Amino acid sequence: MFSSISKLSPQEAEQQIQRETVKVIDVRSREEVRQGKIPQAVNIPLDELAERMKDLDTNGQYVMVCRSGHRSAKTAKHLQKNGYDVKNMTGGMMKWQGI
């Protein structure tokens, strides 16, 4: 049984991003990302995750981001089940005011 997904507020995520303790994965579509993203984020659209998951380091720590936090939460659960250390940014880009 897996534990629930850890959550970070946008402010907590920003602090960890600035300290470079996490990598940010943005699971929104490319079109959504064109409207703005966290500068350090890597865009892996949700529909590409299964094929691109192998490119992620299982020793890394990740923060998952989407528009509102729902898609990224589902993605975080999937990655956690596959051995990744992930957190979900609550509120998604709708709440992001950072960097």
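Model, not experiment: these values are computed from the prediction.
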Working to the nearest 0.5 angstrom, can you tell me the gap between [X] [atom1] and [Y] [atom2]?
{"X": "Arg67", "Y": "Met93", "atom1": "CZ", "atom2": "CE", "value": "11.5 Å"}
{"X": "Asp57", "Y": "Tyr62", "atom1": "CG", "atom2": "OH", "value": "5.0 Å"}
{"X": "Ile5", "Y": "Gln80", "atom1": "CD1", "atom2": "CD", "value": "3.5 Å"}
{"X": "Lys23", "Y": "Gln40", "atom1": "NZ", "atom2": "CD", "value": "13.0 Å"}
{"X": "Arg52", "Y": "Asp55", "atom1": "CZ", "atom2": "CG", "value": "6.5 Å"}

key: CA sep, side-chain torsions, deciding dist, call: Val63, Val86, side-chain contact (heavy atoms from CB on, under 4.5 Å)   = CA-CA 6 Å; Val63 172; Val86 294; over 6 Å; no
query = Do other residues, nucleotides or ligands put more than 12 heavy atoms under 6.0 Å from Glu51 CD?
reply =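 Correct, the count exceeds 12.
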Taking [X] for the side chain and [Y] for the main chain, is one N or O donor matched with an acceptor at less than 3.5 Å?
{"X": "Asp26", "Y": "Ile44", "answer": "no"}
{"X": "Glu32", "Y": "Ser29", "answer": "yes"}
{"X": "Lys37", "Y": "Ala41", "answer": "yes"}
{"X": "Asn88", "Y": "Gly69", "answer": "yes"}

request  = Show the numbers, then the answer: is there a side-chain contact (heavy atoms from CB on, under 4.5 Å) between Ile38 and Ile17?
outcome  = CA-CA 10 Å; Ile38 297 170; Ile17 292 165; 4.1 Å; yes
request  = Taking all non-hydrogen atoms of both residues into account, name the closest pair between Arg30 and Glu48 and its distance.
outcome  = NH1-OE2, 2.6 Å
request  = Answer yes or no: is there an ion pair linking Arg19 with Glu14, defined by an N-O contact shorter than 4.0 Å?
outcome  = no
request  = Quick one: do Tyr84 and His78 satisfy side-chain contact (heavy atoms from CB on, under 4.5 Å)? Show the steps, please.
outcome  = CA-CA 9 Å; Tyr84 294 89; His78 179 72; over 6 Å; no
ask   = Are Thr90 and Lys95 close enough, and set up right, to give a side-chain contact (heavy atoms from CB on, under 4.5 Å), and what steps lead you there?
value = CA-CA 8 Å; Thr90 58; Lys95 299 292 183 185; over 6 Å; no
